[in-house]
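One structure is given here, and the rest of the page talks about it.
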Amino acid sequence: MTLDDLRVFVAVCRAGSLSAVARELDCTQSAVSQHVKRLERETGVGLLERQPRGVVPTQAGRVLEAAAAEGIAGLDLALRRLRELVDGESGSVRVATGATTVRHFMSDAVVAFRQQHPDVSLEFRTESSSRACFDALADSSLDLAWITLGAPVRGIEQRPVMELPWVLAVEADDPLARRPYVDASDLSGLRLIRLPPNSTSAAHLDASCAELGVRFAFDTSVADWDTALMLAELGLGRAVVPALPGLDVPGRGNVRLVPVPALRPLSVGWAVRRWDALSPSARAFADTVTESCRTTYCSRRS
């Protein structure tokens with residue numbers, strides 16, 4: 001049994017597919033299968049169960065996966081800390097983010113962190129959704145992921161940082177632009193620019209609207225919040241989006257942001273494999289972003 005065997009086995013459990021892991025590792029499916037078979041010979045039990053679409057861990061496999069994932073995370077942390085001892089204050093922090101995350105949530109924090117830790121490099125990996133960020137965390141080289149918080153995910157810790165209220169983005173001459181806020185009933189039947197269909201934020205919005213009995217129609221779909229705002233500003237539709245830090249104050253430009261207080265706020269924050277296993281640099285970066293977001297939010301409310 002080798003560390004590589006355990007890493008490959010954990011990857012297979014998370015991906016649910018031998019072939020997907022083979023593609024990721026640029027090797028054959030047979031080579032991936034040999035890692036799993038070696039573990040099964042060593043443990044004397046079956047670890048994977050084949051299904052029509054991929055594989056799932058058996059009960060014994062789940063036990064080994066949980067222990068292996070925790071052990072690998074601890075070992076990776078130890079190796080990172082050893083490198084930091086050798087390099088002094090240098091090192092790196094690797095973060096998975098969405099397409100608009102750095103601009104809206106991290107720009108001030110990145111500047112502050114660079115001033116405080118000039119020798120630590122920052123590496124950002126852009127993902128299309130929170131689900132993709134969770135998958136990226138399975139890669140042991142990543143430290144943190146900034147996500148829209150949702151349902152619990154096995155092997156991932158989620159920590160909320162701030163809640164974002166919803167606003168209706170409309171063109172300046174739209175009849176709704178003059179409202180101090182809009183009720184849920186005002187939204188029913190509107191044709192909207194649709195948020196990314198597979199995103200956590202879209203699912204949250206749909207669930208919140210369902211609780212209020214509100215139904216939308218959609219004629220345009222976008223990949224991120226910024227694009228929805230841009231199309232609303234161009235007069236190509238209305239959009240219900242989170243009130244992101246750093247958005248222009250309503251009343252400026254050609255777009256108006258009208259609060260929708262009836263909708264449940266959207267919670268955003270950090271996802272990690274294990275918070276207590278973060279390197280000091282990664283924890284410092286997470287804390288810097290958290291403090292920056294909360295300061296921005298408090299100043300905006302005041």
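Note that this is a predicted model, so its numbers are computed, not measured.
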When rounded to the nearest 0.5 angstrom, what is the spacing between [atom1] in [X] and [atom2] in [Y]?
X	Y	atom1	atom2	answer
R62	Q59	CZ	CD	6.0 Å
S281	D143	OG	CG	9.0 Å
F124	L142	CZ	CG	12.0 Å
D276	E157	CG	CD	6.5 Å
I147	E127	CD1	CD	12.5 Å
L6	R38	CG	CZ	10.5 Å

(request) Spell out, as yes or no, whether a donor-acceptor pair under 3.5 Å connects the side chain of S292 to the backbone of T288. (result)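 Absent.
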Any salt bridge between [X] and [Y], counting N to O under 4.0 Å?
X	Y	answer
R125	E123	no
R103	D226	yes
D174	R238	yes

(message) Let's go through L278 and R273 carefully: what are the C-alpha distance in whole Å and the side-chain angles of both, what is the deciding distance for side-chain contact (heavy atoms from CB on, under 4.5 Å) to 0.1 Å, and is it a yes or a no?
(response) CA-CA 9 Å; L278 285 176; R273 293 187 302 277; over 6 Å; no
With a 4.5 Å heavy-atom cut-off, do [X] and [Y] have their side chains touching?
X	Y	result
R14	V21	no
T148	L266	yes
W146	V289	yes
V258	V167	no
W275	R159	yes
M162	V268	yes
L137	I156	yes
P259	L168	no

Do [X] and [Y] share a hydrophobic cluster (ILVMFWY, side-chain heavy atoms under 4.5 Å, transitive)?
X	Y	value
L164	L195	yes
L39	L3	yes
L212	L176	yes
M230	L257	no
L234	V241	no

Closest approach of [X] to [Y] (non-hydrogen atoms, all atoms of both residues):
X	Y	value
P57	E65	CG-OE1, 4.1 Å
L229	A169	CD2-CB, 3.7 Å
I72	R7	CG2-NH1, 3.2 Å
Q158	G150	OE1-N, 3.3 Å
A177	A172	CB-O, 3.5 Å

(message) Counting only heavy atoms from other residues, nucleotides and ligands, does the tally under 6.0 Å from CZ of F218 exceed 12?
(response)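 Yes, enclosed.
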Which atom pairs, one a donor and one an acceptor, fall under 3.5 Å between side chains of residues 25-37 and the rest of the protein, sequence neighbours left out?
unit_1 : atom_1 : unit_2 : atom_2 : d
T28    : OG1    : A31    : N      : 3.0
H35    : ND1    : D5     : OD1    : 2.6

(message) I'd like to know whether F285 forms a side-chain contact (heavy atoms from CB on, under 4.5 Å) with L144, so could you lay out the CA-CA distance, the side-chain angles of the two residues, the decisive distance to 0.1 Å, and finally the verdict.
(response) CA-CA 9 Å; F285 180 75; L144 300 152; 4.0 Å; yes
My understanding is that only one of [options] makes a side-chain contact (heavy atoms from CB on, under 4.5 Å) with [X]; could you say which?
X	options	result
V240	V214, I193, L205, V182	L205
E40	T58, L47, V45, L64	L47
F105	V102, T101, D108	T101

With [X] via salt bridge (Lys or Arg N to Asp or Glu O under 4.0 Å) - residues at least two apart:
X	result
E291	none
D186	R179
D4	none
R131	D135

(message) Quick test of your reading: applying side chain to side chain donor-acceptor pair (under 3.5 Å), list the pairs with at least one residue in residues 201-218, sequence neighbours left out, ordered by first then second residue.
(response)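 Every pair satisfying side chain to side chain donor-acceptor pair (under 3.5 Å) with a residue in residues 201-218: S199-S201, S201-W225, E211-R264.
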(message) Using the rule given for side-chain contact (heavy atoms from CB on, under 4.5 Å), can you reason through W270 versus V95, listing the C-alpha separation, both sets of side-chain angles and the distance that settles it, and then say yes or no?
(response) CA-CA 10 Å; W270 291 115; V95 187; 4.0 Å; yes
(message) What I want to check is whether the side chains of S92 and R94 have a donor and an acceptor closer together than 3.5 Å.
(response)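 Side-chain D/A pair, S92 to R94: present.
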(request) Would you please test S17 and S19 for side chain to side chain donor-acceptor pair (under 3.5 Å) and show each step? (result) CA-CA 5 Å; S17 167; S19 58; 3.0 Å; yes
(request) Any chance you could lay out the side-chain contact (heavy atoms from CB on, under 4.5 Å) test for Q51 and V56, step after step, and finish with the verdict? (result) CA-CA 7 Å; Q51 294 192 337; V56 296; 3.6 Å; yes
